[in-house]
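This report refers to the structure that appears directly beneath it.
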Amino acid sequence: MLLAIIPFFLPDERLKFLGLFSLVLLPFTGWTGLIFATTFGGLLFLTKQGFPYIAKQLSFTYTKSSFAYQTPHKLIFGVFLLLVLNLYLNKEYVVSTLNSSFLSSLSPGLLGAQVDERQRIDFLATGQTFTLLPVIRKILYNKPTFAFNKTAAHTIETFDFEQFAYPWPSYELIKLSGLSPKGNFQLGFFWQIPLTIFGIYLFLRNKNLKTKKLLIVLTTAALAPVLVFSKREFAQIGFLLLTALVLFQILAIYKLIRIIQEQKKWFLFTASAILAVFIIFDITDYHYTFFYKWLKHQPSHSFLSREIATVLAETKTDAVVTTRFGPTPLMSAFYLTWDPAVFWPEYLNKNETKTFNNITFRPFNLQEEKMPPDTLYVGLVGEFVEGGRNADHKPIPENLNVVKIIEGDEETVFEYGRFLWVAQLKE
Amino acid sequence: MGSPIKRIELFILAIIILLGTLLRFIWLDKSPPSLNWDEAALGYNAYSLAKTGQDEFGVSYPFYLRSFDDYKPALYSYLTVPFIKIFGISENSVRAPSAISGVSVVVLIFLLAKTLFPSTAIPLISAFLVSVEPWAVHFSRVAFEANLGLALFLAGVYFLVKSHLKTKLALLGLTLTILSAYAYHAGRLLVIPALVGVWVLNKKGGPSRKMLIILIITALVLLSPLLYASINNQETLSRLNSTSILKVWQGLIGEGSSFIISALKLIREIIYRYLSYFSPANLFVRGTPEPTQHIPLFGMFYLVEFIFWIIGIFLLIKNFKRQSLLSFLVILSPLPAIITWNWFYPARVLPLFSFFSIIIAWGIYQSYVILKKKIGHQTIFLAGCFITYLAIQIANLATSLLFYLPYKERGIWQYGMKQIVSAIAEYQGEYNRVVFETRTAQPHIFLLFYSGYLPEQYHQEIGPEKNIERPRKSLNFGKFEFRDVYWPKDQYVTSTLLIGPTSSLPSEKIQTNPRVILVKDITDSEGNFLARLVGLN
């Protein structure tokens, strides 16, 4: 993506072919790439402009040469043809992704149901004694308005400072959007928020920007996936936006440095130094947490799967491994490098239980089923003892020898506990 | 009578006020569907003040109401007294001061915007927005002290700005600004910086030395009771401790970080909170996690305002110096909220929202001017689309508040207490004791409020305030007890009315005991169970 964007900001005409070539490849990297490439390429095609100013500003070249880049239209058209071909060849993928995307929530059927539900609530709220006139109901509750509201809300929700810069501390808030900070990494730092706003302000104010359109094109293209993806995919959407935001931030920093240099006021220097220390602290703190407390950022199921593989690598006896919280056979196959020729046929069969040599993968409940001796059981606490709010702190049954306790950070299955027990029947 | 333009302006303003009044007063007692416990407490304290000149605990003319040991500012209750005297103790009486404050805010925003902008349109658009915006309507329909505080604060700032701190109007402005601190806790943090800011940013020169001395003395005199009451009453400080961001600090220290690292993290937490009040996702879509401040199906502002908010913010940055007062007020307003541990707590930043409304109005006006210049008559079509969509959204807000909220969010508003209390009133005469089971819902205040329990009698039954333990443990008074019902023991009590859920008063146990009568199962209009009344002879 960077290879597709950067050449358009640079003065060298020849590099733009590299940009276009990258733009052709981008859709094949996934949905975000496809949407971005379509919008970016399409808008370039429509605007027919090059944008030398930003390139000059940001690369600090200040070349006196003035050039007006003419988009090679034929190549852009070629990009489109490839995109259409890509979509056609991956019809099933396209359909399945769209079904789980935000766009699916705008289906007429779903909107109609919501319109009906809203009217039903109004009617019930009056004790079934009053209903608004049909014409008023038609004006207030209709599919186009609902669809517009949903799209607007969905778009505005992308401008989410909490999710962008501090999802963990603000969990109380972001959970209202149905998000968990786990797996939805912060995309930037809080101080980048005012910096970006200031950068956008400078960008909009600068009347001499010949390259304004390119940045607008870039921002629009980066925002385009918002309309397709749900908020759950915030990390992906936001990641695209970063490409545009960074340019605004560079513009803001450049301006701030110039102000400090021109003003030569002691308090500006002091304030900048304090700010710099604070920024360094913030970056260091984030990376410290990310590398040393990484379970805080990551959903526990992937960690637990890896730990299961470690246990299985050392197991010589028969073993039963839970599949209650995720595809543990697949993860084990990956970590233990099982032969694909053996693994896939068994994994893809329709049975709930999958068996690979001495290891059986299935959910179990040892309160109800009898545990054979000499078999190692690996599962969530709630599979060994009665689950509940404090499942992890339930006493270990006397007949059970818990060989190892693997501590996850959060419950992967409701009321089954955070921990994973590796246990055997006592002899 | 003024020029024709002036008359049209006044006519439009009158329509806006009428619209704002309708949105705030229609079914005021029915939506939200019940008083929450804070509203009931403010109402009963007002009732007590009206009858005896003493609060719920028998303290004469207090600055603070002890209430649930949260020491509420008493001003709201004092202002409720006339409504209670005229209309009696009711939901409408309790909510009326807030609703009236809400209508006043519409007028005050118009006046304030008029002092900030030469255009006639921006003040009118600002007033219109405040009259219909979700936050403004919702906060006016609930007895929020914050809404009263907002009205007083805006009135104070308006008179201070208008007077240029030179005339007697300045004294009025100063008094009203300081009164806002008496109305709402968070207002205390805003008053002094706001006064200093208005003084510094006063464009037409400062006050004369004599006037300045008068203003400072007046400010000291007006603030001293507040300071005295705060310092003299340890409990008010304990409230500050319980809400302040120092709770976060304790957590950081608890994590084992060094003092400097913890301090840096605390500063970062404060900045996080500050930014959350400018986060579009919070303002326009998801709102707040605070249940009673949450507006169902809406953010704090309408979705369509987002784009104009962006334009307005851009205009504010561009005209930072020319609109220095507005810029200052916007930057300052989140202050009371960011030093508490809560996330996005709208009640503490109502002044910010009102300034946002002015900014949005500015954005709308400027967009119209630019578009008209660029696309001419087509602007009217676009404006028509915008107005039509906005009108639909306003109507949607009205139906959401009048129908959706009372039906779907009853649980948040302790719905059912009124019904339970009226059933108790019907049967309590036959019993010597009434045991009311509840664990969280502060039932005593609903019982006092909805039964209109005589304050003199209540004061006598609970004894002097200084003898009541802090925090208050027993809520009992007269023949009323508030505790868990424990059937194995309570089945032997005599002449007692028990009120509780079916889990505490199960049918099979009641039916097998000949001494026990199932007096009533209280349900709502849809047949959902609220409480069971069981009598033991």
Side-chain angles (χ1 to χ4, degrees), chain A residues 118-119 121-132 136-137 139-142 145-146 148-166 169-178 189-191 193-194 197-198 200-202 204-205 231 277-278 281-282 284-285, chain B residues 30-31 33 248 257 260-261 264-265 267-269 271-290 294 297-299 302-304 306-307 309-310 313-314 317-318 342-344 388-389 391-393 395-396 398-400 402-408 410 525-526:
Chain A
R118 182 63 209 275
Q119 295 182 57
I121 289 169
D122 282 6
F123 183 56
L124 291 176
T126 59
Q128 305 185 19
T129 56
F130 172 76
T131 180
L132 294 165
I136 295 175
R137 276 187 280 137
I139 293 168
L140 292 186
Y141 312 131
N142 55 70
T145 313
F146 272 47
F148 180 82
N149 283 349
K150 275 180 126 178
T151 312
H154 181 66
T155 311
I156 296 168
E157 254 202 323
T158 309
F159 301 94
D160 186 344
F161 295 173
E162 285 74 31
Q163 186 59 50
F164 175 78
Y166 39 97
S170 63
Y171 177 52
E172 201 185 330
L173 262 182
I174 65 163
K175 73 181 176 192
L176 296 177
S177 302
F189 298 103
F190 71 91
W191 41 268
I193 295 168
I197 295 168
F198 186 51
I200 294 171
Y201 167 76
L202 291 172
L204 291 174
R205 279 221 67 187
K231 185 84 191 264
V277 170
F278 200 74
F281 156 74
D282 193 36
T284 318
D285 184 56
Chain B
K30 290 188 176 65
S31 174
V248 177
S257 306
I260 293 176
I261 297 292
L264 286 170
K265 283 183 178 174
I267 294 169
R268 195 171 57 179
E269 287 281 340
I271 300 171
Y272 287 165
R273 280 161 177 76
Y274 187 87
L275 289 173
S276 78
Y277 292 97
F278 295 86
S279 179
N282 297 339
L283 292 171
F284 297 92
V285 185
R286 69 180 162 217
T288 171
E290 300 297 328
H294 167 76
L297 309 174
F298 286 87
Y302 292 114
L303 293 168
V304 73
F306 171 66
I307 189 75
W309 179 75
I310 296 275
I313 293 282
F314 174 77
I317 300 172
K318 189 179 168 190
N342 306 76
W343 276 98
F344 197 67
T388 309
Y389 175 73
I392 292 172
Q393 290 312 297
N396 249 316
T399 56
S400 166
L402 299 180
F403 303 135
Y404 191 95
L405 187 147
Y407 182 72
K408 289 290 274 186
R410 282 173 290 187
S525 56
E526 286 208 311

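Note: hydrogens, waters and symmetry copies are ignored here, and every other heavy atom, side chains too, is used. Order of the sequence lines sets the chain letters (A, B, ...), proteins ahead of strands, with each chain counted from 1.
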To the nearest 0.5 Å, atom CD1 of A:Ile139 lies from atom CG of B:Asn396 at 11.5 Å

Output for pair (B:Ile260 CD1, A:Phe281 CZ), nearest 0.5 Å, gives 11.0 Å

| field | Stepwise side chain to side chain contact (heavy atoms under 4.5 Å, CB included) test for B:Ile317 and A:Arg205 | value | CA-CA 11 Å; B:Ile317 300 172; A:Arg205 279 221 67 187; over 6 Å; no

Checklist entry - Do any N or O atoms from the side chain of B:Ser279 and from the backbone of A:Asp160 form a donor-acceptor pair under 3.5 angstrom? => result no

Interatomic distance, CD1@A:Ile121 vs CG@B:Leu405, rounded to 0.5 Å, equals 11.5 Å

* Asked: Going through the checks in order, is the side chain to side chain contact (heavy atoms under 4.5 Å, CB included) test met by B:Arg268 and A:Asp285?
  -> CA-CA 11 Å; B:Arg268 195 171 57 179; A:Asp285 184 56; 2.8 Å; yes

From the list B:Tyr272, B:Phe278, B:Tyr274, ring-ring contact (aromatic ring centres under 6.0 Å, His included) partner of A:Phe190 resolves to B:Tyr272

Any side-chain donor-acceptor pair under 3.5 Å between A:Glu162 and B:Asn282?
yes

Okay, B:Pro289 and chain A: the region with an atom under 4.5 Å from a heavy atom over there is both

Cut-off 4.5 Å, heavy atoms of chain A, and the answer for B:Lys265 is both

Ranked by heavy-atom pairs below 4.5 Å to chain A, first place among B:Phe306, B:Phe284, B:Tyr302 goes to B:Phe306

Closest non-hydrogen atoms of A:Ser177 and B:Arg286, given as atom of the first, atom of the second and distance, are OG-NH1, 2.8 Å

Applying a strict 4.5 Å limit to non-hydrogen atoms, the region of A:Ile200 in contact with chain B is neither

Looking only at A:Phe130, A:Phe198, A:Phe161, A:Tyr166, most heavy-atom pairs under 4.5 Å shared with chain B are made by A:Tyr166

Checklist entry - Between the side chain of B:Trp343 and the main-chain N/O of A:Pro169, is any donor-acceptor distance below 3.5 Å? => result yes

| said: Can a side-chain donor-acceptor contact be found between A:Tyr141 and B:Thr399 if the only test is distance below 3.5 angstrom? | reply: yes

Applying a strict 4.5 Å limit to non-hydrogen atoms, the region of A:Ile174 in contact with chain B is both

Smallest heavy-atom separation, B:Ile392 atom then A:Thr145 atom, equals CG2-CG2, 4.1 Å

Worksheet entry | Criterion side chain to side chain contact (heavy atoms under 4.5 Å, CB included) on A:Phe123 and B:Phe403, from CA distance to verdict | CA-CA 8 Å; A:Phe123 183 56; B:Phe403 303 135; over 6 Å; no

**Prompt:** So, for A:Phe148 and B:Tyr389, is the gap between ring centers shorter than 6.0 Å?
**Reply:** yes

A:Leu140 and B:Ala395 have their tightest heavy-atom pair at CD2-CB, 3.1 Å

So, the part of B:Thr288 with a heavy atom under 4.5 Å from chain A: the answer is backbone

Turns out that what part of A:Phe278 lies under 4.5 Å from chain B's heavy atoms comes down to side chain

Interface check, chain B: of A:Leu176, A:Thr158, A:Ile156, most non-hydrogen pairs under 4.5 Å belong to A:Ile156

Turns out that what part of A:Leu124 lies under 4.5 Å from chain B's heavy atoms comes down to both

Most contact-rich option vs chain B, by heavy-atom pairs under 4.5 angstrom, among A:Ala165, A:Ala153, A:Ala152, is A:Ala153

Side chain to side chain, A:Glu172 and B:Asn342, heavy atoms closer than 4.5 Å: no

Applying a strict 4.5 Å limit to non-hydrogen atoms, the region of A:Phe164 in contact with chain B is neither

Margin query: If you apply the rule side chain to side chain contact (heavy atoms under 4.5 Å, CB included), what do you find for A:Ser170 with B:Glu269, and how did you get there?
Written below: CA-CA 10 Å; A:Ser170 63; B:Glu269 287 281 340; over 6 Å; no

Applying a strict 4.5 Å limit to non-hydrogen atoms, the region of A:Phe159 in contact with chain B is both

Whatever's closer than 4.5 Å to a heavy atom in chain A on B:Leu297 counts as side chain

